[in-house]
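Some notes on the structure that comes next.
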Amino acid sequence: MNPAATAPAAVGTALLDDFSLEMTGKDVPALEEAGGSIPRGTRINVTFLAGEDHATRLAAARAVRRLGFVPVPHISARRLPSRAALEEFLAGLAADGTADDVFVVGGDPARPEGPYEDALAVIRSGLLERHGVRHIGISGYPEGHPAISGPALWSALTDKAAAIGAGPFTGDVITQFGFDAEPVLDWLAAVRARGVDLPVRIGVPGPAGVRRLVGYATRFGVGTSASVARKYGFSLTNLLGTAGPDRFLHALGERYDPARHGVVKVHFYTFGGLRTTAQWVGAFRERAR
């Protein structure tokens, strides 16, 4: 049988089950609009953006829970001005019943705004378990990071995974998005070879305008060579169209080997909107059947 013919079913059953989504604190109206297209119990990450305060983030997490989904609030270590600010945010989550799951990332600032240099410092602070956190998500970078060396990234990943394993937590890894499945799969194999056995959620851009996709890729150091763009399904000479991750997921499904790559799921960055992404996922899974 042609492997390409079986790839959609493989993706639909092995990778797209229990997919997750991402939103900002200001996307609550968009989530309410998209709610009917998203399976109940879906994990929805709430980002920790500059310019949004704790009240906005807490309100978004409450809305996610109210609508029947699992809120995963982000904590950006370098954006925290003080230990008290972290305690205040965690206490707010705990009071709202939205503290079980968090995603901890270093964050964009070149210099920390407070006492936390990186995500590991937050995990080791003792405050997460004190406020009822049970599951911690951490970041992974299959194509590297524009401001962090490869050895430093590997050290950070293994140290964070070890800290999660040593604490009263479960965890997973959410990767930066990309347009080429091959480096993602190679990175997954390298992750497992280093003894990290946490489930990995592969970051995938939901369908969006090509210009927007390329803009985000440039910002985050994601490869967009002409060959990679063509493989994904768009052209760098025509930025006016839209592109979805169909080809990427087919390629991922064809080469995904649970014995080698471990537990793998998909996390959608909703650059084109929550509703558009959720409806695309539903249509893709229907085609897989």
Side-chain angles (χ1 to χ4, degrees), residues 18-28 31-32 35 38-50 52-107 112-140 156-174 196-201 263 265 267:
D18 189 28
F19 68 89
S20 53
L21 298 167
E22 191 154 307
M23 62 178 281
T24 73
K26 297 177 182 177
D27 283 339
V28 171
L31 180 64
E32 292 173 337
I38 304 171
R40 291 294 177 268
T42 295
R43 298 170 68 84
I44 299 182
N45 287 40
V46 180
T47 58
F48 198 105
L49 297 180
E52 292 183 349
D53 57 19
H54 284 343
T56 300
R57 299 172 188 129
L58 291 170
R62 287 195 299 270
V64 171
R65 184 171 182 265
R66 170 174 55 83
L67 292 168
F69 310 117
V70 177
V72 185
H74 285 203
I75 298 173
S76 179
R78 292 185 169 211
R79 292 195 185 282
L80 293 166
S82 64
R83 180 180 174 92
L86 175 57
E87 289 189 280
E88 178 186 359
F89 184 54
L90 290 170
L93 293 175
D96 292 338
T98 58
D100 284 0
D101 299 77
V102 299
F103 176 78
V104 187
V105 66
E113 297 173 9
Y116 302 107
E117 172 71 26
D118 52 28
L120 184 62
V122 171
I123 296 171
R124 288 176 170 170
S125 70
L127 295 178
L128 301 184
E129 54 264 49
R130 187 180 303 173
H131 289 87
V133 173
R134 298 180 180 180
H135 183 98
I136 300 174
I138 56 177
S139 55
L157 179 62
T158 54
D159 287 350
K160 287 183 289 186
I164 290 170
F169 308 111
T170 57
D172 60 12
V173 180
I174 299 179
V196 177
D197 60 2
L198 296 175
V200 175
R201 292 181 176 270
V263 177
K265 301 178 182 181
H267 176 76

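The structure presented is a predicted model; accordingly, all values stated were derived computationally and were not measured.
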(message) Counting C-beta onward and ignoring hydrogens, is there a side-chain heavy-atom pair between Asp27 and Thr47 closer than 4.5 Å?
(response) no
(message) If the threshold is 4.0 Å, N to carboxylate O, is there a salt bridge linking Asp18 and Arg201?
(response) yes
(message) Among Thr170, Val263, Val173, exactly one meets side-chain contact (heavy atoms from CB on, under 4.5 Å) together with Pro199. Which residue is that?
(response) Val263
(message) Is the shortest side-chain heavy-atom distance between Met23 and Leu21 below 4.5 Å?
(response) no
(request) Check salt bridge (charged side-chain N to carboxylate O under 4.0 Å, His left out) between Glu129 and all other residues, then give those that pass, not counting sequence neighbours. (result) none
(request) Over all heavy atoms of both residues, which pair between Ala85 and Ser82 is shortest? Give the atoms and the distance, please. (result) N-OG, 3.0 Å
(request) For Ser125 and Tyr116, work out which heavy atoms get closest and say how close. (result) CB-CE2, 4.2 Å
(message) Show the nearest heavy-atom pair for residues Val72 and Val102, with the distance to one decimal.
(response) CG1-C, 3.8 Å
(request) May I ask you to test the Thr24-Val46 pair for a side-chain heavy-atom distance under 4.5 Å? (result) no
(message) If I compare all heavy atoms of Pro71 with all of Ala61, which pair ends up nearest, and what's the gap?
(response) CB-O, 3.6 Å
(request) Output the distance between atom CD1 (Ile38) and atom CG (Leu31), rounded to the nearest 0.5 Å. (result) 5.5 Å
(message) Tell me whether Arg78 is salt-bridged to Glu117, with the criterion being a basic N under 4.0 Å from an acidic carboxylate O.
(response) yes
(request) Flag the pair Phe48 / Leu80 as yes when at least one side-chain heavy-atom distance between them is below 4.5 Å, and no otherwise. (result) yes
(message) Does the structure place the NZ or CZ of Arg134 under 6.0 Å from the centre of the six-membered ring of Phe169, at an angle of no more than 45° from the ring's axis?
(response) no
(message) Just to verify, which of Asp100, Val70, Asp172 counts as forming a side-chain contact (heavy atoms from CB on, under 4.5 Å) with His135?
(response) Asp172
(message) Does any part of the side chain of Val28, heavy atoms only, come nearer than 4.5 Å to the side chain of Val64, both counted from C-beta?
(response) no
Only distances under 3.5 Å count here; give the side-chain donor-acceptor pairs of residues 87-98 to other protein atoms, sequence neighbours excluded, each with its distance to 0.1 Å.
{"from": "Asp96", "atom 1": "OD2", "to": "Arg62", "atom 2": "NH1", "distance (Å)": "2.9"}
{"from": "Thr98", "atom 1": "OG1", "to": "Leu93", "atom 2": "O", "distance (Å)": "3.3"}

(message) Hydrogens and angles aside, do Asn45 and His74 bring a side-chain donor and acceptor to less than 3.5 Å of each other?
(response) yes
(message) So, using salt bridge (charged side-chain N to carboxylate O under 4.0 Å, His left out) as the criterion, who are the partners of Arg43 when residues are at least two apart?
(response) Asp101
(message) Working note: Val122 + Leu127, criterion side-chain contact (heavy atoms from CB on, under 4.5 Å); need CA distance, chi angles, decisive distance, verdict.
(response) CA-CA 8 Å; Val122 171; Leu127 295 178; over 6 Å; no
(request) Any chance you could measure Phe103, atom CZ, to Ser76, atom OG, to the nearest 0.5 Å? (result) 10.0 Å
(message) Measuring only between side-chain heavy atoms, which start at C-beta, is Ile136 closer than 4.5 Å to Val133?
(response) yes
(message) To the nearest 0.5 Å, what is the distance between CG on Leu67 and CD1 on Ile44?
(response) 8.0 Å
(request) With rounding to the nearest 0.5 Å, note down the distance linking NZ in Lys160 to CG in Asp118. (result) 7.5 Å
(request) Measure the CZ-NE2 distance between Phe19 and His267 for me, rounded to the nearest 0.5 Å. (result) 11.5 Å
(message) Looking at Glu32 and Arg66, is any side-chain nitrogen of the basic one under 4.0 Å from a carboxylate oxygen of the acidic one?
(response) yes
(request) Work out which heavy atom in Gly25 is nearest to a heavy atom in Glu52; give both atom names and the distance. (result) N-OE1, 3.2 Å
(message) I need the minimum non-hydrogen distance between Ala161 and Ile138, along with the two atoms involved.
(response) N-CD1, 4.1 Å
(message) How long is the straight-line distance from CG of Asp159 back to CD1 of Ile164, given to the nearest 0.5 Å?
(response) 11.0 Å
